[in-house]
Protein chains: 2
Amino acid sequence: MLPNPDEKLDPRVKRTRSLILQSFDDLLAERNFESISVQDVTDKAQINRATFYAHFPDKYALLDHSISRMFMSEIEKRTLNACHYSPDNLRNLILGLCDFLSRLHTSCAQPHQQFESLVEGTVKKQIFDLLSYWLRDSKKSTTDIPATVATWAIYGLASHYSHKKKRPALEKFVDEALPLVAVNLEQFTAA
Amino acid sequence: MLPNPDEKLDPRVKRTRSLILQSFDDLLAERNFESISVQDVTDKAQINRATFYAHFPDKYALLDHSISRMFMSEIEKRTLNACHYSPDNLRNLILGLCDFLSRLHTSCAQPHQQFESLVEGTVKKQIFDLLSYWLRDSKKSTTDIPATVATWAIYGLASHYSHKKKRPALEKFVDEALPLVAVNLEQFTAA
DNA sequence: TTGGTTCTGTCGACTAAGCAACACTGGAGA
DNA sequence: TCTCCAGTGTTGCTTAGTCGACAGAACCAA
């Protein structure tokens with residue numbers, strides 16, 4: 001679905017990127033995104049600050065990249081990145097997103113409003129792309145509308161779930177929510 | 001005693017050196033020195049082979065450097081690198097060397113003859129320098145002779161100890177050996 | 001012996017990373 | 001208000017690391 005990021009790349013570039021990503025993830029576990037400066041990241045990564053800007057325009061792009069990678073690996077873990085729509089795949093997507101957001105909220109230090117809305121934008125973009133891919137052989141010419149509706153619905157559900165003080169049993173929660181989302185997609189599936 | 005290796009150095013150099021050293025140590029734990037090629041080290045470290053040669057003339061120099069660092073840290077751990085001769089310091093030196101060689105024999109895969117004699121050369125050079133430093137305020141003008149004698153004696157003892165199938169209690173072994181070495185050095189001490 | 005293979009050490013051309021500046025911004029005080 | 005300070009992007013130049021290629025050494029097998 002997406003080009004392989006492990007393609008033949010200058011090893012210096014691979015090394016620098018992974019140093020930046022790793023340092024950033026470590027910092028996110030310690031303090032909130034707003035308080036982390038580019039300087040902090042490069043200090044921790046032991047690279048020059050100018051080098052950072054050769055890889056990312058700013059710290060927001062770094063967050064975007066980092067969150068994308070994490071969410072993508074969640075998707076790949078559940079092998080949702082190379083398939084079509086099915087109730088079971090949709091179920092797994094919702095489960096994965098709930099897991100992902102819950103983990104994010106526990107692993108990141110005091111997530112603030114800004115942080116959460118940045119994450120939301122990044123992740124929704126990926127969900128939308130994934131759903132569009134699932135519906136690629138649809139009988140209808142455009143799948144924008146159903147993909148958008150489902151994306152927002154799914155994210156809303158997962159966000160709601162992950163913010164609960166006492167999270168209920170995930171399976172039960174998803175079983176209840178699934179049909180409401182599925183109905184939006186089913187009429188657009190190829191089979 | 002020695003210049004600080006953490007001085008301001010290009011971070012790329014620090015990074016590359018530590019990648020090389022780490023990969024080499026890891027490889028030494030898996031297979032014997034003879035079977036490890038420069039290629040193997042650079043593959044594991046994910047650096048270019050040409051870069052290796054910018055840092056070390058060959059794999060023997062790498063071994064020398066690696067062993068030196070390990071032994072030096074053993075010495076520093078016991079704060080023997082900034083002091084004078086005393087029976088207690090000598091005792092600690094012998095203890096440290098026995099520990100060091102024993103660890104080396106268990107952590108390195110099948111040490112061969114070549115490997116052991118390379119280690120011996122490197123470590124004896126360091127012991128000699130250390131003893132010369134201990135005797136630096138000697139009444140006698142030259143300390144070469146006693147430092148040489150003691151170096152060989154100490155290394156011989158530790159080598160003997162570390163090769164035993166069933167190693168006896170280290171403390172007891174050292175207590176027995178200590179006076180034989182001490183007598184060679186005491187007459188050269190300043191006090 | 002010959003030929004194949006793998007490792008070695010070195011080279012020159014190219015590219016990424018380091019560094020020390022710079023001007024600029026926004027916030028915190030006094 | 002003004003100044004101080006810390007962080008941001010950007011630049012020109014230097015240096016380290018990468019790449020591909022080379023000839024030669026060591027070894028093994030046909």
Options D/dG9, C/dA17, C/dG9, nucleotide nearest the side-chain atoms of A/Arg12: C/dA17
Proximity to the side chain of B/Ser37 - top-ranked nucleotide from D/dT8, C/dC7, C/dA16: C/dC7
Separation of atom CG in B/Leu62 from atom P in C/dT8, rounded to whole Å: 12 Å
Nucleotide nearest A/Ile47 when distance is taken to its side chain, options C/dT8, D/dT10, C/dG18: C/dG18
Which nucleotide in D/dT8, C/dT10, D/dT18 has an atom nearest any side-chain atom of A/Gln39: D/dT8
Near-ring test B/Phe24/B/Phe56, centroid separation under 6.0 angstrom: no
Minimum-distance nucleotide to A/Tyr53 side chain [options: D/dG17, C/dG9, D/dG9]: D/dG9
Between C1' of C/dC7 and CG of B/Asp40, the distance in whole Å: 10 Å
A/Asp40 side chain to A/Ser37 side chain, donor-acceptor N/O pair below 3.5 angstrom: yes
Side chain of A/Pro11 (C-beta onward), nearest among C/dA17, C/dA20, D/dT18: D/dT18
Upstream residue (5' side of DNA chain C) when B/Lys59 and A/Thr16 are each assigned their closest nucleotide: B/Lys59
Nucleotide of D/dT8, D/dG17, D/dT18 approaching B/Asn48 most closely (side-chain heavy atoms): D/dT18
Integer-rounded Å distance: C/dA13 C1' and A/Asp10 CG: 14 Å
Aromatic ring proximity, centroids under 6.0 angstrom, A/Phe33 and A/Tyr60: yes
Touch class at under 4.0 angstrom, heavy-atom based, for B/Arg15 against every strand present: sugar-phosphate
Within 45° cone of B/Phe52 ring axis and under 6.0 Å: B/Arg49 NZ or CZ: no
Ionic contact status for A/Glu171 with A/Arg91, cut-off 4.0 Å: yes
Pair A/Lys125 + A/Asp64, salt bridge at N-O below 4.0 Å: yes
Integer-rounded Å distance: C/dA16 C1' and A/Leu19 CG: 14 Å
Atom pair distance, as rounded to whole Å: CG in B/Leu9 and C1' in D/dT15: 12 Å
Selected nucleotide, minimal atom distance to A/Val13 side chain, candidates C/dT10, D/dT8, C/dA17: C/dA17
Pairwise 5' ranking along DNA chain D for B/Arg17 and B/Arg49, keeping only the more 5' one: B/Arg17
Between D/dG17 (C1') and A/Lys14 (NZ): distance, integer Å: 15 Å
Distance in angstrom units between B/Asp43 CG and D/dT18 P, rounded: 12 Å
A/Ala50, nearest nucleotide to its side chain (from D/dA21, C/dA16, C/dC19): C/dC19
Separation of D/dT10 P from A/Phe52 CZ (nearest whole Å): 12 Å
Short side-chain N/O contact to D/dA16 OP1/OP2 from B/His55, under 4.0 Å: no
